[in-house]
*Asks:* 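The structure is given below, and queries will be raised subsequently.
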Amino acid sequence: MAIEKCIHEFGVGDVIFEEGSTGRELFVVLDGQVEIAKIRGDTKTVIVTLGKGEFFGEMAVIDGSARSASAIVAAPSTRVMRINHARFVYLVSQQPAFALMVMDALSKRLRASNDRTYRAAANA
């Protein structure tokens, strides 16, 4: 597949994917910003804002589960590259540094989540 077919441009407020949807791809931010957020009714809680070089959607590409949050474009002319499951498996098998990068990011995100959960429980 040509790399150009994997690159998509979005405008502010565009939804790349919604929480609960299925998908077997991850996305890399090439330009702009993407918010990972939980939406309940009219309330949007931004978990993290990602920029150039960062990626999202890795949990679904790894385990095939439903999306745990929504991905919403936060800057004009945001471009992302979609990496489907087959390409992800290929990259992991052929590029150990890529696999380590994904594991490192997952570890940091889990630690941050644990810290937020601990602080919330301690303040309750």
Side-chain angles (χ1 to χ4, degrees):
M1 177 185 305
I3 194 81
E4 295 82 21
K5 291 184 178 186
C6 298
I7 296 174
H8 305 278
E9 186 168 325
F10 297 94
V12 174
D14 286 348
V15 176
I16 297 172
F17 58 73
E18 292 181 328
E19 179 179 355
S21 65
T22 58
R24 291 294 298 220
E25 60 269 329
L26 69 80
F27 299 85
V28 179
V29 180
L30 301 176
D31 295 298
Q33 293 183 327
V34 175
E35 294 175 336
I36 305 303
K38 294 279 206 175
I39 300 172
R40 298 290 179 261
D42 293 334
T43 304
K44 176 172 82 170
T45 303
V46 177
I47 299 166
V48 66
T49 301
L50 304 171
K52 185 175 183 173
E54 296 183 289
F55 60 89
F56 58 97
E58 71 282 351
M59 293 191 316
V61 81
I62 291 169
D63 67 10
S65 62
R67 304 287 187 182
S68 63
S70 297
I72 304 161
V73 177
S77 301
T78 292
R79 292 184 327 126
V80 300
M81 179 172 52
R82 181 178 52 83
I83 298 175
N84 66 22
H85 182 259
R87 187 168 296 234
F88 175 80
V89 170
Y90 175 80
L91 286 169
V92 167
S93 69
Q94 298 299 311
Q95 299 290 327
F98 175 78
L100 289 170
M101 179 187 72
V102 171
M103 287 187 287
D104 181 65
L106 284 170
S107 178
K108 287 176 179 168
R109 292 173 184 180
L110 181 58
R111 286 182 189 279
S113 177
N114 287 345
D115 287 345
R116 283 192 301 273
T117 301
Y118 173 76
R119 275 188 260 117
N123 293 328

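Start at 1 with the first residue, then count along the sequence.
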*Asks:* Search all heavy atoms of Val12 against all heavy atoms of Ala75 and return the closest pair with its distance.
*Replies:* CG2-C, 3.3 Å

*Asks:* Hey, can you pull the donor-acceptor pairs under 3.5 Å for the side chains in residues 95-108, sequence neighbours left out?
*Replies:*
unit_1, atom_1, unit_2, atom_2, d
Asp104, OD2, Lys108, NZ, 3.0

*Asks:* Quick one: pull up CZ in Arg87 and CD in Glu25 and give me the separation to the nearest 0.5 Å.
*Replies:* 12.5 Å

*Asks:* Please round to the nearest 0.5 Å and tell me the distance separating atom CD1 of Ile36 and atom OG1 of Thr45.
*Replies:* 13.5 Å

*Asks:* For Glu9, I'd like to know if atom CD has over 12 heavy atoms of other residues, nucleotides or ligands within 6.0 Å.
*Replies:* yes

*Asks:* Under 4.5 Å between side-chain heavy atoms, hopping through other hydrophobics if needed: is there a path connecting Phe27 to Leu91?
*Replies:* no

*Asks:* Glu18 and Arg67: which non-hydrogen atoms are nearest, and at how many Å?
*Replies:* O-CB, 3.6 Å

*Asks:* How long is the span from the CG atom in Leu30 to the OG atom in Ser77, to the nearest 0.5 Å?
*Replies:* 13.0 Å

*Asks:* So which heavy atom on Ala37 is nearest to which on Ala69, and how close?
*Replies:* O-CB, 3.4 Å

*Asks:* Work out which heavy atom in Ala66 is nearest to a heavy atom in Gly20; give both atom names and the distance.
*Replies:* CB-O, 3.6 Å

*Asks:* Could you work out, with salt bridge (Lys or Arg N to Asp or Glu O under 4.0 Å) as the rule, every residue matching Arg116, not counting sequence neighbours?
*Replies:* none

*Asks:* Mind checking side-chain hydrogen bond (donor to acceptor under 3.5 Å, both in side chains) for Lys38 and listing every partner two or more places apart, or none if nothing turns up?
*Replies:* Glu19

*Asks:* To the nearest 0.5 Å, what is the distance between CD1 (Ile72) and CD1 (Ile39)?
*Replies:* 3.5 Å

*Asks:* Tell me the side-chain hydrogen bond (donor to acceptor under 3.5 Å, both in side chains) pairs involving residues 26-35, sequence neighbours left out?
*Replies:* Asp31-Arg79, Glu35-Lys44

*Asks:* Treating Ile, Leu, Val, Met, Phe, Trp and Tyr as nodes and any side-chain heavy-atom pair under 4.5 angstrom as an edge, say whether Ile16 and Leu26 lie in one connected cluster.
*Replies:* no

*Asks:* In a table with atom names and distances, give each donor-acceptor pair under 3.5 Å that connects a side chain of residues 55-64 to protein atoms at least two apart or in another chain.
*Replies:*
unit_1, atom_1, unit_2, atom_2, d
Glu58, OE1, Arg109, NH1, 2.9
Glu58, OE2, Arg109, NH1, 2.8
Asp63, OD1, Ser65, N, 2.9
Asp63, OD1, Ser65, OG, 2.6
Asp63, OD2, Ser65, OG, 3.3

*Asks:* Which residues end up grouped with Val46 if you chain together Ile, Leu, Val, Met, Phe, Trp and Tyr wherever their side-chain heavy atoms are less than 4.5 Å apart?
*Replies:* none

